[in-house]
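Working notes, structure below.
Since the structure is predicted, the reported quantities are computational estimates derived from the model, not experimental observations.
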Amino acid sequence: MLILSRKIDEKIRIGEDIIITLIDVHGDQVKIGVEAPKSVKVFRQEVFDAIQMENKAALVKETEDKNAISALSKLLKKD
């Protein structure tokens, strides 16, 4: 992990397309601005984690649904 110190309005550049700007520091809260191409998704960690959990839950549900359909299909073919 790279750790950098910045003052308000100073920037950090990531590659050629992403710029992080320190906007404000107020107590223990830091506000940053992120400039990135629309093709780059930028999320707060807790939002990213929630999305990942929902995606995994959807995958499990889809797998369960496919298994149920397959089992039903096998039952119907026996007759």
Gap separating the CG atom of L4 from the CD atom of E10, nearest 0.5 angstrom: 10.5 Å

I3 with I20, same ILVMFWY side-chain cluster at under 4.5 Å: no

Would you give me the side-chain donor-acceptor pairs under 3.5 Å for residues 26-46, sequence neighbours excluded?
from : atom 1 : to  : atom 2 : distance (Å)
R44  : NE     : E46 : OE2    : 2.7
Q45  : NE2    : D49 : OD1    : 2.8

For I19, the rest of its hydrophobic cluster, which grows through side-chain links under 4.5 angstrom: none

Shared hydrophobic cluster, I12 / L22 (ILVMFWY, side-chain heavy atoms < 4.5 Å): yes

Closest heavy-atom pair and its distance - T21, K11: OG1-NZ, 3.2 Å

Separation of K61 NZ from L59 CG (nearest 0.5 Å): 12.5 Å

